[in-house]
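Take a look at the structure below.
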Amino acid sequence: MGAKPLILRALTYLVLILALFPILLPIYWMIITAVKPKDEVFTFTPEWVPHTVALSNFGLAWNSAPFGHYFINSVVVTTGIIFLQLVTSTLAAYALARLRFFGRGVLFLIILSAMILPIQITFLANFVTLKNFGWLDTYQGLVIPFAASAFGTFLLRQAFLAVPPALEDAARLDRCTGLSFLWNFLVPLSRPTLLAFTLVALVAHWNDYFWPLIVTNTDAVRTLPIGLGMFIAQEVTTDWNLLMAATLFVSAPLLIAFFVAQRYFISSFMHSGLKG
Amino acid sequence: MTHALDVVNLTKSFGATRVLQEVSLEVAEGEFFVLLGPSGCGKTTLLRIIAGLEPMSRGDVSIRGQRVTDTPAEDRDIAMVFQDYALYPHMTARQNLEFGLKRRRMPKAEIQARVSRAAQTLGIDQLLDRKPRQLSGGQQQRVALGRAIVRQPKLFLMDEPLSNLDAQVRAAMRFELKRLQRDLGVATVYVTHDQVEAMTLGDRMAVINAGRIEQIGAPLDVYAKPANLFVGRFLGNPSLNVFPGSIERKSTTTVVCTPIGNFASGSNGTLASATEKVDVGVRPENLRVTDRELPGVPPLDVLLVEPLGAELLVYARRETVDVVLRVPVDTLPLDAKKVWIRSAGCHLHLFDPQTGQALAHFTAVEERES
Amino acid sequence: MKRMYWLIGTLLVLALLLPACAPTAAPPPAAQGQPTAAPATAAPSQPTAAPAAGKVTVTYWFPVDLGGGLAKVMDSMVAKFNGAHPNIEVKAVYTGNYDATLQKIQAGQLAGNLPDVAVVVNEHTQTLAPLGILEPLDSFVQADGGKKFTDQYFPALLLNSYLNGKMYSLPFQRSVPVLYYNKDLFDQAGISKPPETWDEMEQDAIKLTEKQGGQVSRWGIEVPLEAYNWIYYAFVYEAGGKIISDDLKTLYLDQPPAIEAMNYWNKLVNTDHVTAAYTPWAQASQDFAAQKTAMVIYSSGSQAFFRDSAKFKWSLVKIPQDKQYGVAPGGGKILMFKKDAATEKAAWEFMKWMTSPEETAFWSMNSGYIAVQPAAWDLPVMKDYAKKYPEVLVTVDQLKNAYYEPGAPNYTKVRDLLHDTTQDILSGKISVTDGLKKVTQEGNKLLSQ
């Protein structure tokens, strides 16, 4: 009796480990490349274990650009964007999901279509606007264009629609209406969606290269990906070991954030089940 | 004396469709009032309008004599129990109970006292720290009731609160609900499509059909004297037998002739208003029957006999007319092939075939030759 | 009721945004000043934000196309310039790679936010000049001696500085394609000297190609295909041809030399099987370092990389010749945008300085680009450098056989068309002559637009 579940369990783990492989392999390769000396990066047969560990790569990479400064800027900008996106998306999603007003359907369609537009289409208009505001090369210039998120609005609207209307009736009889219903019910009940959206936005804006490069000119407001960009060469070969070393410390905060968030993530999914 | 609730000429339309038409009713203090009707008849809409959760097109609603037509739901001081409970899934049972009181800025001690009293009454004191999804259906039902009770409102509104429970729990909850309501003495409007709930719970009830109130009255009165064919058919299980009949007026008596036999009324006056052609309704338990041939009475072919224990359900047919009878178990052998109706003692309802309105209710007597 | 909450929500959003907006109410004139502040500096009575009165600020955008660390080298050069010029303050801004720099310039044009000086890739001179935002350099050159001034530079590197007879840029970070070869593998194969002709290159590649079980384990040569069609241009020039007419209106890609050049490449791929049909640019240098190819035609700027990465003996030669030697020098040029006279004067000082013998030598030794003035190569530091790495002289030698790297208004589209068609030809989707005919016809249409 006991043997069968054990075999099944072993099989399950085997499949999971195999599935993990393609995810972990690039990360492993990044780490070992980051510690390889230059003449070990390219070899006829791939070297899975570095012969010599060149920790100096990290120092070299760190000193290639003002990464300390960039790090603070990335944190400020990403936090600002995510905070604003959460506030605006939540309010907009509430209006779209729960209020009845003229033009709601059209408005939602417009927001949906905004999701499809790539930044390359809107960047010139945004750039000129920022220029007129005098916001080029400022934190505002990096944050405000992303203060609203069509994707977040859409995602949260769907989550809010999934909350049964009877709950709103019950809350109303308990004197909880409007924005306090949003805060006391829709927000806590949509926690997994909020969290998922936060993580997606975090990755997108932490890694954003194009916009910061275009609107900033000084190290005082530039972000980490620009520092990474300095390692990538078009005409001759990229210094992969330095790039990987830099990538490692640029992506480490994200990896840690995910690691911390995942337990919370899973538990909030487990506890969010609505009846019916 | 002011009523707990007055609804006056309430009309609700969605565009051209009338969901409720000129509905008027009153509910006395402490009364258990049931809104009964088939699904889609507008009873839930009526309840939600009373709650203030939905706007009405015309009419007035008053609670304890105070007009609340324009008062938002949260200020009407009513409590509602929803069909799927609408418990707050992210809060514990205790938080569910406390929430409305906290929103009303009640002192903490008072909240505590009310919650523990309600929890004791409902027997959920052990469950207060669980979240709704950790509770069974019956337990969730109790928490939902508790959330209404702690509020100590002027009026309870209940929207099919038992319909999501399985049959056994439902019967038990029905009993508790009735007892609870009596103890609390708070006027209650209760929506259901289940006639058993309506009959057992209601002090009075309103039968609603297609947005209109068909009849208001004590359940037994409504059952015994349905105002029209719809009410007659809607109440009772198995349903009212209905077949065409004609009136034959004689010198001392009036006889209703039907395919299953003739029924004589005791006096001439009873059926005075009846037209020549009528629809005859008779409840299965109101037909008397024998398996011995009665002269001059047409026999019915027995299709099936279902023993229910104390009673038998007999499905019988005469030509194209089907009849269901409910009789004491020793009335017939289970293998009876033919039965005859004894007309004397059968209780009949006569309806106008055009309007469906009741014309008379009477118990047939032995027909005497004049 | 509901409408009220909607209103409150809207107000809340506005309230959140307003504090961020508030500062803008005051400073627009100052903020817009960036381009207009310069005239103010022309009048000495009006001090700018800069510490010293009358100091001219020059904004300088530069891409880094050669790996990490170079941004720092650039910063140090700018600091040196600023130290030597008390009246000029150059602000250096890293702007990504060549393409990102072009995008930033185009955005800047719309927003009226252009830099004063920038480094752009070779052909972008001809992209930007027609927009009317570049300041022609002729009057500055004239004032500094005219032909005597331009003669300081390798003539080959000035080929791409002109459009419609006007000069728009000075050579800054330049490179040519050369042939790198793995000496160890040549020795193993018993090849005593590097190839000098197309035939020798082909024969050597055949000898050097190694197969294991029908699969190529090492290519004889890699000819990478990159966005600028650099190597193909070299082949065409070596075959004695030209890419484009002098008036930049007609392509010569359907002429016999252009066809011969493509035939040769196609033969290496599809007849000899000594090189892959498609090798991405970035991969080729890595393959050479990993000995997955014995030869590679690559940028002269990669020498430093191979010195660090290759664990074997290697060297480089000019790309072997057909009828003659020939290359189209690539890389980046420095140019100036239309500004007020004072700023332009300061910008010109900066451009001259950055391309002066000392500085171009410094940049060359740090980056691997070719120092743009012959005089630079006579400096003692540069002679020592050349003694240490004699192969750098090959690149200077290659400049004797330099031709125009095609660039014209609207040429970017032609460039992409040629790139894509080359890929189709080498992968056998279209024949050499049909492919080149198509590029010529469609390309001529694009050029006449």
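Residue numbers start from 1 in every chain, and the chains themselves are labelled A, B, ... in the order their sequence lines are given, proteins ahead of strands.
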note = Cut-off 4.5 Å, heavy atoms of chain C, and the answer for A:Val215 is backbone

query = Is the cationic atom of A:Arg172 (NZ for Lys, CZ for Arg) positioned less than 6.0 Å from the six-membered ring centroid of A:Phe181 and within 45 degrees of its normal?
reply = no

key: Toward chain C, the part of A:Tyr139 with a non-hydrogen atom under 4.5 Å   = neither

request  = Answer with side chain, backbone, both or neither: which region of A:Thr218 has an atom nearer than 4.5 Å to a non-hydrogen atom of chain C?
outcome  = neither

ask   = Going by the angle between their ring planes, with limits at 30° and 60°, are C:Trp230 and C:Trp281 parallel, tilted or perpendicular?
value = tilted

remark   = Note: vs chain A, highest number of non-hydrogen pairs under 4.5 angstrom among C:Pro115, C:Ala289, C:Ala107 is C:Ala107

Residues forming a side chain to side chain contact (heavy atoms under 4.5 Å, CB included) with C:Ala304, sequence neighbours excluded = C:Arg307

query = Can you say whether the rings of A:Phe249 and A:Phe58 are parallel (under 30°), tilted (30 to 60°) or perpendicular (over 60°)?
reply = tilted

Region of C:Lys292 in contact with chain A, defined by heavy-atom distances below 4.5 Å = both

note = If you tally heavy-atom pairs under 4.5 Å between each of C:Ala111, C:Ala284, C:Ala92 and chain A, the highest tally belongs to C:Ala111

remark   = Highest number of heavy-atom pairs under 4.5 Å with chain A among C:Lys311, C:Gln283, C:Glu226 belongs to C:Lys311

By side chain to side chain contact (heavy atoms under 4.5 Å, CB included) - contacts of A:Pro225 (at least two apart) = A:Ser74, A:Tyr209, A:Thr223

task = Kindly confirm or rule out a cation-pi arrangement of A:Lys36 over A:Trp29, judged by NZ or CZ under 6.0 Å from the six-membered ring centre and within 45° of its axis?
result = yes

